[in-house]
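Worksheet: one structure, shown below.
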Amino acid sequence: YSDSQCSKEVTSAGEVEVASGKVPASETKTLAPGTYYWQASYLGDENNEKSVSKCGSEVLTVTQIPKSTTLSTLLYPEEGSGSEKLTVKEGTRVSDIATLSGENASKATGKVSYKVYSDSQCSKEVTSAGEVEVSGGKVPASETKTLAPGTYYWQASYSGDEANKKSVSECGAEVETVTQTLKPTKLTTSLSGGGQSGEKITVKEGEGVTDRATLSGENASTATGTATYNVYGDSGCTKLLGTVSSAVSGGKSETSPLTFVEAGTYYWQVSYSGDENNQGSEDTCGAEVLTVTPKPSTCGKTTVGKSSASLLANFKRVNQCTLHVNATVSELSIYLTPNAHSGTQLIKGIFYGDSKGKPAGLLGTTVQLTFTGKSKAGWYHLAFATPLKLPAGNYWIGMITGASQYVGAERYDSVANAQDSNTNSYTAGASKTFGSFKTTNEQMSLYATFTPEVQSCAAIRPNTIC
């Protein structure tokens with residue numbers, strides 16, 4: 001029977017013949033899992049009354065043989081579908097859901113525990129994701145977990161019940177990768193060249209210039225990636241002249257030296273590519289300004305001549321000088337030596353135009369130099385109070401000397417028809433037109449320093465911007 005009142009018969013176990021008080025055994029029965037109540041009934045004979053065993057005195061419990069189970073699992077982000085391999089951004093909540101399968105799984109009870117490990121062997125537990133009750137084979141989801149950036153391995157374990165064996169999901173079947181949220185970065189840049197550094201510097205043509213970028217931000221100290229340095233010809237950063245890239249390491253980057261072969265103003269802008277931990281960034285257009293000035297050039301004789309000629313009183317002398325480009329002349333330089341005479345010699349530099357190969361009109365006079373018998377031999381520089389802005393062409397440079405004489409001497413080398421000279425009162429000033437002159441073979445150690453006007457750049461070469 002299936003009940004303790006023996007009213008719900010499950011099966012008959014047979015009828016046997018009693019002989020001499022001996023009762024043979026019943027038939028053997030194989031019953032399904034459950035609880036059963038056996039009862040025997042004696043029909044009696046002419047000498048014995050019938051009888052029945054007490055219902056419930058014999059109770060047979062048939063237990064079920066546990067069947068194998070399998071756990072399959074899927075990871076679920078707070079928004080989105082489930083997956084065995086899941087990649088999420090830092091701060092995302094993730095849960096695990098297990099599904100139990102097997103012959104008796106549809107009626108399974110028991111518990112499932114969820115755990116998170118840092119290794120693919122599931123030996124280093126990071127955290128527990130909770131334990132849930134299984135009912136009717138249904139397994140509730142784990143707790144949600146928000147994990148730090150890294151790689152994690154989830155695993156679910158089923159406790160089993162009387163009808164189902166315990167089981168564990170495969171370690172490494174579920175992998176969660178948490179990527180770090182990209183952090184904002186900011187660029188600070190500095191130019192270096194010509195012994196200067198900063199956001200705004202001035203260098204001469206041909207000098208090397210480097211730019212250095214430094215990142216700031218939460219993860220900037222370990223930043224990698226690429227910094228791109230753009231050089232523009234306008235403050236709006238629309239006329240790109242050149243680009244150079246440099247690797248970022250430890251949040252810093254620096255270009256190799258760039259050579260600027262054309263005078264002008266250059267505007268820099270730097271951009272950062274970003275990496276797996278850092279957002280890209282860009283500095284402000286024109287935050288760095290490079291001013292390139294023309295490299296000064298000279299016109300005349302820059303070496304010290306072998307011969308010497310004393311300075312005469314009230315006398316002017318000139319040599320020819322050719323400017324091949326439009327230029328601004330800032331000064332004249334002359335090599336002087338003292339003579340044995342004491343006293344003072346006043347000197348000014350003079351600059352004349354040319355007409356058909358002869359000195360013509362006066363274009364400028366320098367500030368005054370006072371040379372004495374005790375002055376040292378060397379180069380003396382005579383500056384123009386206002387630099388002379390001149391077109392390309394032939395010119396005449398020289399000096400006019402004061403009322404004293406023989407105090408000093410100029411040096412020269414012999415060059416045919418190199419010098420034109422005449423007398424000229426120093427106090428009256430250099431004549432507006434040079435006047436009649438005498439020609440000699442003296443090429444004075446005398447030159448003009450000038451700055452060429454900006455010329456077009458002939459070509460762009462590696463590490464060269466123009």
Side-chain angles (χ1 to χ4, degrees), residues 296-323 327-337 339 345-371 375 377-390 393-450:
S297 299
T298 60
C299 171
K301 181 176 174 59
T302 58
T303 58
V304 179
K306 298 177 181 178
S307 303
S308 177
S310 295
L311 301 182
L312 303 177
N314 297 309
F315 194 78
K316 67 176 186 279
R317 63 188 80 193
V318 291
N319 293 141
Q320 194 171 59
C321 158
T322 300
L323 299 177
T328 300
V329 178
S330 57
E331 67 178 18
L332 300 180
S333 299
I334 187 167
Y335 194 92
L336 299 174
T337 60
N339 277 337
Q345 181 76 65
L346 301 181
I347 303 170
K348 287 184 180 181
I350 52 178
F351 204 103
Y352 279 87
D354 177 88
S355 176
K356 299 179 180 180
K358 298 178 181 180
L362 180 66
L363 298 176
T365 305
T366 71
V367 296
Q368 179 174 277
L369 168 68
T370 301
F371 190 83
S375 296
W379 288 100
Y380 287 83
H381 305 287
L382 308 170
F384 291 97
T386 301
L388 307 179
K389 190 172 183 180
L390 302 170
N394 294 323
Y395 296 91
W396 294 82
I397 58 174
M399 62 177 166
I400 182 172
T401 48
S404 301
Q405 59 183 1
Y406 305 126
V407 175
E410 49 92 358
R411 300 296 291 270
Y412 71 93
D413 282 328
S414 181
V415 176
N417 302 315
Q419 186 179 101
D420 290 340
S421 60
N422 60 21
T423 58
N424 192 135
S425 169
Y426 185 84
T427 56
S431 59
K432 291 184 179 181
T433 58
F434 194 81
S436 58
F437 55 83
K438 177 184 177 182
T439 300
T440 60
N441 299 330
E442 294 183 13
Q443 177 71 51
M444 294 182 287
S445 295
L446 170 73
Y447 64 89
T449 298
F450 64 90

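Each residue takes its place number in the sequence, starting with 1.
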Side chains of T433 and L362 in contact at under 4.5 Å (non-hydrogen atoms) | no
Check I397 against M444 and note the closest heavy-atom contact, atom names and distance.
-> O-CE, 4.4 Å
Distance-minimising heavy-atom pair for G435 and F437 = O-CD2, 3.4 Å
Does a side chain donor of either S425 or T427 reach within less than 3.5 Å of an acceptor in the other side chain?
-> yes
Is the side chain of S330 donor-acceptor paired with the backbone N or O of F450 at a distance under 3.5 Å, no angle test?
-> no
Exercise: do D354 and W396 side chains pair donor with acceptor under 3.5 Å = yes
Just by distance, with hydrogens left out, do T401 and N314 show a side-chain donor and acceptor under 3.5 Å apart?
-> no
OG1 of T366 to NZ of K348, rounded to nearest 0.5 Å, is 7.5 Å
Checking R411 side chain against V304 main chain: does a donor-acceptor pair fall under 3.5 Å?
-> no
Compare every heavy atom of Y426 with every heavy atom of I400, then report the nearest pair and how far apart it is.
-> O-CE1, 3.6 Å
In sequence, state the C-alpha distance, the side-chain angles, and the governing distance for L390 and V329, and then conclude on side-chain contact (heavy atoms from CB on, under 4.5 Å).
-> CA-CA 8 Å; L390 302 170; V329 178; 3.9 Å; yes
What pairs meet the salt bridge (Lys or Arg N to Asp or Glu O under 4.0 Å) rule with one or both residues in residues 303-322, with sequence neighbours excluded?
-> R317-E410
Is the backbone N or O of G300 less than 3.5 Å from a side-chain atom of N319, with the two atoms forming a donor-acceptor pair by type?
-> no
For the pair Q405 and L311, evaluate side-chain contact (heavy atoms from CB on, under 4.5 Å) and give the outcome as yes or no after the intermediate values.
-> CA-CA 6 Å; Q405 59 183 1; L311 301 182; over 6 Å; no
Would you say the side-chain atoms of N422 pair up with the backbone N or O of S436, donor to acceptor, closer than 3.5 Å?
-> yes
Are the charged groups of D413 and K301 less than 4.0 angstrom apart, N to O?
-> yes
Taking atom OH of Y406 as the centre, report whether more than 12 heavy atoms of other residues, nucleotides or ligands fall under 6.0 Å from it.
-> no
Any donor-acceptor N/O pair, N441 side chain to N417 backbone, under 3.5 Å = yes
Under 3.5 Å donor-acceptor, S355 side chain and A360 backbone | no
Result for ring-ring contact (aromatic ring centres under 6.0 Å, His included) between Y447 and one of Y395, Y380, W379, F351 points to W379
